[in-house]
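Position 1 is the first residue of the sequence, and the numbers go up from there. Computed from heavy atoms alone, side chains included, the values below leave out hydrogens, waters and symmetry copies.
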Amino acid sequence: MDSAVLGFRLDRGRLPSDASGIGLQDYGWVSGRATAVAIDPNDASGNTVYAGGAYAGVWKSTNAGALSPNPSAVNWTPLTDNQATLAIGAIAIQPQLSNPDPTKSVVLAGTGETNSSEDSYHGFGILRSQVAFTAPRDSR
């Protein structure tokens with residue numbers, strides 16, 4: 001999977017982006033709008049970032065800060081493609097009070113949207129990761 005560009009999906013959750021209906025505004029195949037962004041407070045460099053989309057799931061980058069001054073060089077990895085929903089409305093990262101280590105961060109992702117629009121997606125609870133480098137699991 002090409003995960004270099006946040007929001008572009010090769011597996012599922014993609015929709016044509018032509019808002020005009022006749023090909024006047026074609027942005028290619030894209031997934032949901034960005035609904036959540038969180039910088040890992042346990043990464044002193046600020047390079048570990050999580051992002052979520054309306055129907056894009058949770059994505060992670062470990063080079064989104066000063067390591068990549070060029071936005072096109074930022075690498076994103078999808079984390080929740082195997083979950084019951086790709087709708088994400090919130091992301092939180094538990095701070096570690098002693099010896100912060102971004103590889104041990106606990107990530108919470110609230111599913112669904114609270115945008116109160118006709119095209120908002122409903123959720124299925126909260127996803128909670130065990131450690132930062134594994135996909136959050138469904139905590140229902």
Original post:
Between A64 and V49, what is the shortest heavy-atom contact and its length?
Top reply: CB-CG2, 3.6 Å

Original post:
Looking at CG of D43 and OG1 of T103, how far apart are the two atoms once the value is rounded to the nearest 0.5 Å?
Top reply: 10.0 Å

Subject >> I93 side, atom CD1; S105 side, atom OG - distance, nearest 0.5 Å >> reply: 6.0 Å

Subject >> Heavy-atom pair with the smallest gap, counting every atom of P95 and P41 >> reply: CA-CG, 4.2 Å

Subject >> CG-CH2 distance between N75 and W59, expressed to the nearest 0.5 angstrom >> reply: 11.0 Å

Original post:
Are side-chain heavy atoms of R128 and V106 found at a separation under 4.5 Å?
Top reply: yes

Subject >> Atom of F124, atom of A84 and distance for their closest heavy-atom approach >> reply: CE1-O, 3.7 Å

Original post:
E113 and T35: which non-hydrogen atoms are nearest, and at how many Å?
Top reply: OE2-CG2, 3.6 Å

Original post:
Just wondering, do D101 and Q96 contact through their side chains at under 4.5 Å, heavy atoms?
Top reply: yes

Original post:
For the side chain of S129 and the backbone of V107, is there at least one donor-acceptor N/O pair under 3.5 Å apart?
Top reply: yes

Original post:
Among side-chain atoms of T48 and D40, is any donor-acceptor pair under 3.5 angstrom?
Top reply: no

Subject >> Least distance between heavy atoms, Y55 atom then A87 atom >> reply: CD1-N, 4.1 Å

Subject >> Closest contact, heavy atoms only, V58 versus A109 >> reply: CG2-CB, 3.8 Å

**OP:** Would you check if K60 and T62 make a side-chain contact, meaning some heavy-atom pair closer than 4.5 Å?
**Re:** yes

Original post:
Does the side chain of I88 come within less than 4.5 Å of T111's, by heavy atoms?
Top reply: yes

